[in-house]
Amino acid sequence: MNTVKEIVAEHGHESSRLLEMLRCLQSPTNYLSEEAIVGVAKELNVPISHVYGVASFYSMYSTKPRGKYIIRFCESAPCHIEGAAEVLEAVQDQLQIAVNETTTDGKFSLELTSCLGVCGVAPAMMVNSTVYGNLTPEKAKKILAATE
């Protein structure tokens, strides 16, 4: 695992590359630790509040621990119209967690997202970087069972 210093150096100490630095730092654990945020701020010589502000603004970053598999469930209008609420309820029932929670074994975290960009196959969800569409409660449960 690369250290904060190594990652910042790889990106040329350019604060314009902060998003990519944060992505690299978050990759191994699915969240940005306080140590990582403070370290990047020091290496770039910018306020900690600036780095934290960026990390907390974008939904792809998290400052709290998350599961190995991050489920991003689309809550856009097309997904809603096509039955997303029923599918989301099935996911929550199967995992025994609510939105913005992580399973007790640390395997899954469930989040909402405003759009996945796949409205033609609504309702949809993304598990890490894989998008699944045309979901039904049964299909969503099978996807999660295959991931477990």
Side-chain angles (χ1 to χ4, degrees), residues 1-11 14-41 43-44 50-148:
M1 179 187 327
N2 290 341
T3 66
V4 171
K5 285 183 182 211
E6 291 170 336
I7 288 172
V8 172
E10 287 173 16
H11 293 87
E14 296 291 329
S15 61
S16 63
R17 306 219 28 223
L18 178 58
L19 292 176
E20 182 61 18
M21 289 178 210
L22 294 177
R23 187 194 64 75
C24 291
L25 288 165
Q26 179 173 275
S27 181
T29 59
N30 275 339
Y31 85 103
L32 294 164
S33 67
E34 182 178 340
E35 177 184 312
I37 290 172
V38 170
V40 169
E43 288 295 313
L44 294 177
H50 173 71
V51 177
Y52 180 79
V54 170
S56 61
F57 177 79
Y58 292 99
S59 64
M60 66 185 129
Y61 301 119
S62 178
T63 57
K64 67 177 190 169
R66 295 188 293 182
K68 178 179 179 182
Y69 299 102
I70 301 168
I71 302 164
R72 290 182 178 91
F73 200 88
C74 185
E75 63 176 348
S76 70
C79 283
H80 178 74
I81 290 169
E82 294 296 326
E86 186 180 7
V87 179
L88 178 59
E89 186 176 320
V91 169
Q92 291 174 309
D93 287 348
Q94 181 165 343
L95 298 178
Q96 293 296 295
I97 58 173
V99 171
N100 294 324
E101 290 184 350
T102 299
T103 55
T104 55
D105 63 2
K107 193 161 187 181
F108 293 98
S109 291
L110 179 60
E111 301 176 354
L112 296 178
T113 188
S114 59
C115 184
L116 292 172
V118 292
C119 299
V121 294
M125 72 179 179
M126 182 166 54
V127 180
N128 289 348
S129 61
T130 304
V131 176
Y132 299 93
N134 296 314
L135 294 174
T136 63
E138 296 75 25
K139 185 175 178 181
K141 287 179 179 182
K142 284 180 184 175
I143 292 165
L144 296 177
T147 306
E148 293 182 276

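Just so we're clear, the structure is a prediction, and the values are computed from it rather than from any experiment.
Atoms CD and OG, from E82 and S76 in turn, are 10.0 Å apart once rounded to the nearest 0.5 Å. The distance from atom CG of L110 to atom CD of Q94, rounded to the nearest 0.5 Å, is 11.5 Å. From K107, atom NZ reaches atom CD1 of I71 across 10.5 Å, with rounding to the nearest 0.5 Å. In this structure, CE on M125 lies 15.5 Å from CD on E75, to the nearest 0.5 angstrom. Separation of atoms CG (L22) and OG1 (T63) is listed at 11.0 Å; rounding is to 0.5 Å. The line from CE of M21 to CG of L32 is 13.0 Å long, rounded to the nearest 0.5 Å.
Within a 6.0 Å radius of NZ in K139, other residues, nucleotides and ligands contribute more than 12 heavy atoms. Under a cut-off of 6.0 angstrom, the local environment of CD in E35 is sparse, with at most 12 non-hydrogen atoms contributed by other residues, nucleotides or ligands. Within a 6.0 Å radius of OH in Y52, other residues, nucleotides and ligands contribute 12 heavy atoms or fewer.
Counting heavy atoms from C-beta outward, I70 and E111 have side chains that approach closer than 4.5 Å. A heavy-atom distance below 4.5 Å is not found between the side chains of I7 and T3. Between T102 and F108 the shortest side-chain heavy-atom distance does not fall below 4.5 Å. Residues T113 and F73 fail the side-chain proximity criterion, which asks for heavy atoms closer than 4.5 Å. When side chains are defined from C-beta on, L135 does not count as touching V121, because their heavy atoms never get closer than 4.5 Å. In this structure the side chain of Q26 reaches within 4.5 angstrom of the side chain of R66, judged on heavy atoms. By the 4.5 Å heavy-atom criterion applied to side chains, H11 and E20 are counted as neighbours. Here the side chains of Q92 and I97 are not in contact, with every heavy-atom distance at 4.5 Å or above.
Shortest non-hydrogen contact noted between C74 and A84 is O-CB, 4.1 Å. Between V4 and V40, the shortest heavy-atom distance links the atoms CG1-N, 3.5 Å. For the pair N30 and G67, the tightest heavy-atom approach, listed with the atom from each and the gap, is ND2-O, 2.8 Å. Counting all heavy atoms, side chain and backbone alike, L25 lies closest to T29 at O-OG1, 4.5 Å. Closest of all the heavy-atom pairs between V91 and A140 is CG2-CB, 3.9 Å. For the residue pair G117 and C115, the shortest heavy atom distance occurs at N-SG, 3.2 Å.
Judged as a salt bridge (Lys or Arg N to Asp or Glu O under 4.0 Å), and not counting sequence neighbours, E86 has no contacts.
Between the side chain of T130 and the main chain of M126, no donor-acceptor pair closer than 3.5 Å is present. Judged by distance alone, the side chain of Y61 and the main-chain N or O of L19 form a donor-acceptor pair under 3.5 Å. For the pair Q96 (side chain) and D93 (backbone), a donor-acceptor distance under 3.5 Å is present.
Residues E138 and K141 are not paired through a salt bridge, judged by the lack of any N-O separation under 4.0 Å between the basic side chain and the carboxylate.
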